[in-house]
**Q** 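The structure is given below, and queries will be raised subsequently.
Chain letters run A, B, ... following the sequence lines, proteins first and then strands; every chain starts at 1.
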There are 2 protein chains.
Amino acid sequence: MKPETRKEEIIKTAAKLFKEKGYSAVTMRDLATAMGIKAASLYNHITSKQEILKVIIISLAEEFTQEMNLIKTSNHKAIDKLQMIVSLHVQITVKNTYGMACLNNDWMHLEEQLDYYLELRKKYEQDFIDIIKSGIKSNEIIDSNPEIIMFSILSTLRSLYLWIPKKEDINSNSLAQSLSKVLISGINT
Amino acid sequence: MKPETRKEEIIKTAAKLFKEKGYSAVTMRDLATAMGIKAASLYNHITSKQEILKVIIISLAEEFTQEMNLIKTSNHKAIDKLQMIVSLHVQITVKNTYGMACLNNDWMHLEEQLDYYLELRKKYEQDFIDIIKSGIKSNEIIDSNPEIIMFSILSTLRSLYLWIPKKEDINSNSLAQSLSKVLISGINT
DNA sequence: CAAGCAAACTAACAAGTGTTAGTTAAATAT
DNA sequence: ATATTTAACTAACACTTGTTAGTTTGCTTG
């Protein structure tokens, strides 16, 4: 068992608070209280409130970017790639629910790193659309507006953080499978 | 053309700012500057920052509640009811994009009205699930976890505010139709 | 035992927060 | 013409914000 550093503890606690109230509404004194220390003591471990946000969001965004690169350069069919994307989101959200909430709701409060984040997000969405387009070309996916399809799927995946903590028995694999079926095959008989 | 009251102007402007930065990050001075006046002058029209949030969110939540009551007591088939829900979300989001962003992101900053809001939301989601369950019973909808189905559809509908402003030519009806098709029939061939 | 270090503390600051009080100027109604 | 209303203003308040400086405490290592 690797001992978690104090800094990692702070970031984890911050992510939890950010999920509940949002970055702006959480004060350094709130965070300190949650850690059982005084606000000034936080600065022995982190350099600023902003740094906490940066670490939470950028590390997640880079993880998504990396995994997307593996998926898009793989040799699977488009539909299978979509399933891999669903699994990716489920897995990361299960592992780091608070961070995902933060990524979704507080990205606009990034300062130095805002442009970088937006760039990563834009690329991710473009890769997503390209996969859908290739699936349309290969006749795996209906010839409908790729943006609507992307938006529809990605909205659900991005909202997973709202829903996953409610389920006690989160089996990542079975959730990813159920979700893939609904998103890809629809719900009608 | 009914002349908009000053209070309505303030609330509209506030909703726009809240969408961009969130309730907590928008100061009364920000809002005043956006209105071209001083912060103290706002208080000739509104009683508090909190009141602005309340008006934006509660009026929308009540509108959804009212429309949901019409839909659920109607005589349509379950699938048609789902389509009506999709249309409802598209229509309200087109009409009040900023307010919908606020509803989705800032509800937790409600004070007096938080419990009331949560109650309305809970009822809405329960009605939604009941429609899905009735569709499963009548064999219109696949016999899958109703919660997953509800979550999947509602996540997309709740994220519409992120997507609708990007499209210049939003034809509500055609968007609702495309979206219904993707959400209900899926995307595979 | 001494030195070094990690991690907490108290005290304080400068800037920004929502909000109130009291006033003024122009438009509208009597 | 006078009175009322609307909507802005200046000045200030009490409090909260992120952050810095300097200090203390207890553990670990030479």
**Q** Take the protein atom NE2 of B:His109 and the nucleotide atom C1' of C:dG18, then report the distance between them rounded to whole Å.
**A** 15 Å
**Q** Atom NZ of A:Lys21 to atom C1' of D:dT17: distance rounded to whole Å?
**A** 13 Å
**Q** Go through the structure and list residues passing salt bridge (Lys or Arg N to Asp or Glu O under 4.0 Å) with B:Lys133, not counting sequence neighbours.
**A** none
**Q** Expressed in angstrom and rounded to an integer, what is the separation of B:Leu17 atom CG from C:dT17 atom P?
**A** 13 Å
**Q** Does the pair A:Lys54/A:Glu51 count as a salt bridge with the N-to-O cut at 4.0 Å?
**A** no
**Q** So, for A:Ile79 and A:Glu140, which heavy atoms are closest and what is the spacing to 0.1 Å?
**A** N-OE1, 3.0 Å
**Q** Has A:Tyr98 got more than 12 heavy atoms of other residues, nucleotides or ligands less than 6.0 Å from its OH?
**A** no
**Q** How far apart are the C-alpha atoms of B:Gln126 and B:Asp130, what are their side-chain angles, what is the distance that settles it, and do they pass the side chain to side chain donor-acceptor pair (under 3.5 Å) test?
**A** CA-CA 6 Å; B:Gln126 189 55 56; B:Asp130 288 344; 3.0 Å; yes
**Q** Measure from the side-chain N and O atoms of B:Ser152 to the backbone N and O of B:Ile148, and report whether any donor-acceptor pair falls under 3.5 Å.
**A** no
**Q** Is it true that A:Arg121 and A:Glu62 make a salt bridge, defined as a side-chain N closer than 4.0 Å to a carboxylate O?
**A** no
**Q** Go through residues 47-57 of chain A and report each residue with a non-hydrogen atom lying under 4.0 Å from DNA chain D, sorted by number.
**A** A:Ser48, A:Lys49
**Q** According to a strict under-4.0 Å criterion, is B:His45 in side-chain N/O contact with OP1 or OP2 of D:dT6?
**A** no
**Q** Taking NZ, NE, NH1 and NH2 as the nitrogens, is one of them in B:Glu20 or B:Lys16 under 4.0 Å from a carboxylate oxygen of the other?
**A** no
**Q** Polar pairs (N or O, both sides) under 3.5 Å between protein and nucleotides 9-16 of chain D?
**A**
{"from": "D:dC9", "atom 1": "OP2", "to": "B:Lys38", "atom 2": "N", "distance (Å)": "2.6"}
{"from": "D:dC9", "atom 1": "OP2", "to": "B:Ser41", "atom 2": "OG", "distance (Å)": "3.0"}

**Q** Using a strict threshold of under 4.0 Å (side-chain N to carboxylate O), is an ion pair present between B:Glu8 and B:Lys12?
**A** no
**Q** Separation of A:Asp30 atom CG from D:dG18 atom C1', in whole Å?
**A** 12 Å
**Q** Over how many whole Å does the gap from B:Ile10 atom CD1 to C:dT19 atom P extend?
**A** 13 Å
**Q** Please give, in whole Å, the distance from C:dA7 C1' to A:Ile46 CD1?
**A** 14 Å
**Q** Please report, rounded to the nearest Å, how far the P atom of C:dA6 is from the CD atom of A:Glu9.
**A** 16 Å
**Q** CD of A:Glu4 versus P of C:dA7: gap in Å, rounded?
**A** 13 Å
